[in-house]
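Take a look at the structure below.
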Amino acid sequence: MFSTDDFARYTQWSGIATLIFAFITLLGFIFKWGIRFRLAGATGFMLVLTGGLFPLSLTPLTRTVIPGAVHYKLVFDNGSSQAVIATPPQITSSELDATLRQAASDLFSYGRLGTRQDNQLTIRARSIVHPEPGLSVPLYLGQVKRSLSDRDDSGMQIDIYEDNLEKLSTFES
């Protein structure tokens, strides 16, 4: 993943290239070259490119990594207060806790809407079990509730359904 330092370097080089294109374009208009309007287009493109890179050099692009979290897939997200992630069936209780914390960090956004009664994002973790051939059943393993307005929510409520984790191990064997 690119860092803000990388984007600052790209912005600098893009700005230099934009100035070079602008100079060549100016020469094209002075000497009435046939490609002067194409050069003006290329200069405009370089301006847009430099303008797009500049904000990326200011904003930190960091992603919090929770140690012990396993890979999950987002299977449902209503865009406001509810989401569901799928975890592998071999997950342990400690890995589930870390994965729920990772999902709570990854899915936080100030653009999510809540209600006055429920201003929390609820993320449920599930896995698919196969009790018999041809039958697939979702088994919910836990959930996390976090604030929709506070990025560093210290009051996250994590519930792990230990009985469902035990059921998961019986279906696995």
Side-chain angles (χ1 to χ4, degrees), residues 1-14 48-173:
M1 182 175 204
F2 297 115
S3 69
T4 53
D5 293 334
D6 293 334
F7 282 114
R9 191 174 328 110
Y10 302 150
T11 302
Q12 181 181 12
W13 283 107
S14 181
V48 170
L49 183 65
T50 304
L53 286 171
F54 179 68
L56 293 173
S57 68
L58 300 176
T59 307
L61 300 173
T62 58
R63 178 177 178 263
T64 304
V65 177
I66 308 295
V70 298
H71 180 72
Y72 66 88
K73 292 184 181 179
L74 182 66
V75 293
F76 172 77
D77 188 352
N78 69 358
S80 62
S81 63
Q82 294 183 12
V84 177
I85 61 170
T87 62
Q90 302 83 10
I91 197 165
T92 64
S93 181
S94 62
E95 290 173 336
L96 179 60
D97 181 77
T99 304
L100 285 169
R101 290 179 190 276
Q102 182 71 57
S105 174
D106 292 347
L107 298 177
F108 176 81
S109 171
Y110 289 110
R112 290 185 178 273
L113 301 174
T115 62
R116 289 185 184 166
Q117 294 83 15
D118 186 22
N119 194 24
Q120 296 212 326
L121 170 62
T122 303
I123 304 169
R124 298 177 76 190
R126 67 124 170 104
S127 189
I128 300 291
V129 294
H130 307 284
E132 58 187 59
L135 179 64
S136 299
V137 178
L139 184 63
Y140 286 94
L141 306 174
Q143 72 177 16
V144 60
K145 288 188 176 190
R146 67 153 303 138
S147 170
L148 283 171
S149 58
D150 184 16
R151 175 168 286 288
D152 300 320
D153 185 10
S154 59
M156 275 194 294
Q157 178 186 353
I158 298 177
D159 298 318
I160 295 178
Y161 310 142
E162 295 292 341
D163 53 336
N164 285 353
L165 276 174
E166 292 173 12
K167 286 181 191 176
L168 190 63
S169 63
T170 61
F171 287 115
E172 191 176 305
S173 54

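The first residue of the sequence shown is numbered 1, and numbering continues consecutively from there. Fair warning: this is a prediction, and the values are worked out from it, not measured in the lab.
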Handout entry: Closest non-hydrogen atom pair, Arg112 against Leu148
Key = CB-CD2, 3.7 Å
Exercise for the section: Please report the closest heavy-atom contact between Ser136 and Ile128, naming both atoms and the distance. Expected result: CB-CG2, 3.8 Å
Fill in the blank from the handout: Separation between CZ (Arg124) and CD1 (Ile85), nearest 0.5 Å, reads 11.5 Å
Handout entry: Backbone of Tyr10 reached by a side-chain donor or acceptor of Ser14 within 3.5 Å
Key = no
Handout entry: CG-OG distance between Leu56 and Ser3, expressed to the nearest 0.5 angstrom
Key = 11.5 Å
Handout entry: Check: Thr11 side chain, Leu53 main-chain N or O, donor-acceptor pair, under 3.5 Å
Key = yes
Exercise for the section: Any chance you could measure Met156, atom CE, to Gln120, atom CD, to the nearest 0.5 Å? Expected result: 11.0 Å
Handout entry: Under 3.5 Å side-chain donor-acceptor pair for Asn78 and Ser80
Key = yes
Exercise for the section: Cation-pi check, Arg151 to Phe108: give yes when NZ or CZ is under 6.0 Å from the six-membered ring centre and within 45° of the ring axis, no otherwise. Expected result: no
Practice task
State, to 0.1 Å, how close Leu96 and Gly142 come at their nearest heavy-atom pair, and which atoms those are.
Solution key: CD2-N, 4.3 Å
Fill in the blank from the handout: Scanning both residues in full, the closest heavy-atom pair of Asp153 with Arg146 reads OD2-CA, 3.2 Å
Handout entry: Distance flag, aromatic centroids of Tyr161 and Tyr140, threshold under 6.0 Å
Key = no
Handout entry: Sub-4.5 Å side-chain heavy-atom contact between Pro131 and Val137
Key = yes
Practice task
Report the distance from atom CG of Leu141 to atom CG of Leu168, rounding to the nearest 0.5 Å.
Solution key: 5.5 Å
Completion exercise
salt bridge (Lys or Arg N to Asp or Glu O under 4.0 Å) filter on Arg9, not counting sequence neighbours, yields Asp6
Problem - Closest approach of Val144 to Leu100 (non-hydrogen atoms, all atoms of both residues) - result: CG1-O, 3.8 Å
Fill in the blank from the handout: In terms of heavy-atom contacts, Ala98 and Ile66 come closest through O-CG2, 3.7 Å
Exercise for the section: Mind running side-chain contact (heavy atoms from CB on, under 4.5 Å) on Tyr72 and Asp106 for me, showing each step along the way? Expected result: CA-CA 11 Å; Tyr72 66 88; Asp106 292 347; 2.8 Å; yes
Exercise for the section: Go through the steps for Val70 and Thr92 under the test side-chain contact (heavy atoms from CB on, under 4.5 Å), then give the verdict. Expected result: CA-CA 10 Å; Val70 298; Thr92 64; over 6 Å; no
Practice task
To the nearest 0.5 Å, tell me how far Glu162 CD sits from Lys167 NZ.
Solution key: 13.0 Å
Practice task
Return yes if a side-chain donor-acceptor contact under 3.5 Å exists between Gln143 and Thr122, otherwise no.
Solution key: no
Handout entry: Side-chain heavy atoms of Arg126 within contact of Val75, under 4.5 Å
Key = yes
Handout entry: Spacing of CG belonging to Leu74 relative to CZ belonging to Phe76, to within rounding of 0.5 Å
Key = 9.5 Å
